[in-house]
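Below you'll find the structure, written out as structure tokens, and then a few comments.
Please read these numbers as outputs of a predicted model, since none were measured by experiment. Per chain, numbering begins at 1; letters A, B, ... match sequence-line order.
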Number of protein chains: 2
Amino acid sequence: MEIRIGDLAKRSGCEVVTIRYYEKEGLLPKPARSGGNFRLYSDVHIERLQFIRHCRSLDMTLSEIRILLGLRDNPAQDCGDVNALLDVHIRQTEERVEALLQLKRHLLSLREKCSGARRIEACGILQGLSDCDHPGCNA
Amino acid sequence: MEIRIGDLAKRSGCEVVTIRYYEKEGLLPKPARSGGNFRLYSDVHIERLQFIRHCRSLDMTLSEIRILLGLRDNPAQDCGDVNALLDVHIRQTEERVEALLQLKRHLLSLREKCSGARRIEACGILQGLSDCDHPGCNA
DNA sequence: TAAAAACTCTATAGTCGCTATAGAGTCAAG
DNA sequence: CTTGACTCTATAGCGACTATAGAGTTTTTA
Ligand SMILES: [Zn+2]
Ligand SMILES: [Zn+2]
Ligand SMILES: [Zn+2]
Ligand SMILES: [Zn+2]
């Protein structure tokens, strides 16, 4: 059962151009071609693209995904690297959450500086952006 | 008191190329030039760059910053737009935090599927990336 | 005073993960 | 047999920088 790129796009919820991009980047193997030079995908491609899209939905980079796919293609080894990659990724996610929460506190402390519609010159927010007293602000 | 681009970079904690980039993007006005065609910055530039870098540290985009600078340069109006811009930015930050926390839950549920060093074929993480049972996962 | 080091200049290309466009070819339905 | 939907390749753009090359300027050192 071979499908064309548009059907694969619908199944996987991504754009046609994205699929071609993954092929160019070496994440998806080159598919067979029809007489009219259309790409023809089989089950292997469908599953592999789902894997890629799942990883992307988890915010992995294409090079992380490349690594995982490479491991998957070498089933003889053990999976320590997989677990390690995921651990790093989880930690990075936690760090980004922390950074964003810090950011939000900073933004809220700035927001408090202006109550309503003053003149621009008197706006505490703009003043705070020039000269900030938020703890830990390096600006 | 006029300083050169390298000194301005040190003061503001950003790269020389970034300063030139801001000039090209119209965020920093074109400075005076020395006899040897070096950029010469004054207090106005220093303060404006600090403002920009502070906004960037708050994760504002350059076009948001352009808007704020435009408002700052028109001190006659009231500051309602400033407050509104900040409110939108705060809400976006909250949404990103929520999305990241969701992501982290997803990653942790995946991580649980593999305890130790199995063979690649038996790794629950790789299997979960192909065929996920995490609630709300569309992959 | 001359050579070396440090700085600056412009212009251009690369990063990431797509997205958008142009211009041509292929295929199925009416 | 024409219309429309689909596909092909190649190229450029997004945002906010970063990196590089090759030339010119200024400061430091010998
Ligand atoms: Zn205000
Ligand atoms: Zn601050
Ligand atoms: Zn495992
Ligand atoms: Zn999932």
Test side-chain contact (heavy atoms from CB on, under 4.5 Å) on B/Asp59 and B/Gln92 and set out the steps. CA-CA 11 Å; B/Asp59 220 22; B/Gln92 283 171 352; over 6 Å; no
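- If you take CG of A/Leu62 and P of C/dT15, they are 13 Å apart, rounded to a whole angstrom.
- Between A/Arg20 and C/dG17 there is no side-chain polar atom (N or O) within less than 4.0 angstrom of OP1 or OP2.
- In this structure, B/Tyr21 does not reach the D/dG15 phosphate: none of its side-chain N or O atoms is under 4.0 Å from OP1 or OP2.
- When rounded to the nearest whole Å, the span between CD1 of B/Ile3 and P of C/dT8 equals 10 Å.
- Counting heavy-atom neighbours within 6.0 Å of B/Lys113 NZ, excluding the residue itself, gives a total above 12.
- As rounded to whole Å, 16 Å separates atom P of D/dC6 from atom OH of A/Tyr41.
- Proximity of B/Thr18 to the phosphate of D/dT18: a side-chain N or O atom is located under 4.0 Å from OP1 or OP2.
- Nearest-nucleotide positions on DNA chain C for B/Val17 and B/Asp7 put B/Asp7 closer to the 5' end.
- Each of A/Gly36 and A/Lys24 was matched to the nucleotide of DNA chain D holding its nearest heavy atom; the match closer to the 5' end belongs to A/Gly36.
- Of the side-chain N and O atoms in A/Tyr22, none sit less than 4.0 angstrom from OP1 or OP2 of C/dG17.
- Under 3.5 Å, the side chains of A/Arg48 and A/Tyr41 contain no donor-acceptor pair of N or O atoms.
- For the pair B/Arg56 and D/dC17, the criterion of a side-chain N or O lying under 4.0 Å from OP1 or OP2 is met.
- Side chains of A/Cys14 and A/Ile19 form a contact here, defined as non-hydrogen atoms less than 4.5 Å apart.
- Between A/Arg39 and D/dC8, a side-chain N or O to OP1/OP2 separation shorter than 4.0 Å is present.
- The CZ-P distance, from A/Phe38 to C/dG25, rounds to 12 Å in whole Å.
- For B/Arg33 and D/dG24, the CZ to C1' distance is 13 Å, given to the nearest whole Å.
- One atom, CG of A/Leu40, and another, P of D/dC6, lie 16 Å apart when rounded to the nearest Å.
- Ring geometry for B/His134 versus B/His106: interplanar angle under 30°, hence parallel rather than tilted (30 to 60°).
- Comparing A/Asn37 and B/Thr61 by the nucleotide of DNA chain D whose heavy atom lies nearest to each, the residue mapping closer to the 5' end is A/Asn37.
- Closest-nucleotide positions on DNA chain C for A/Arg4 and A/Arg66 were compared, and the one nearer the 5' end corresponds to A/Arg66.
- Contact annotation: A/Arg53 side-chain N/O to C/dC18 OP1/OP2 distance is under 4.0 Å.
- Across all strands, B/Glu15 comes closer than 4.0 Å only to sugar-phosphate atoms, never to a base (heavy-atom distances).
- To the nearest angstrom, C1' of C/dC16 lies 13 Å from CG of A/Leu27.
- One interatomic measurement links the two molecules: CD1 of B/Ile19 to P of C/dC7, which rounds to 14 Å at whole-angstrom precision.
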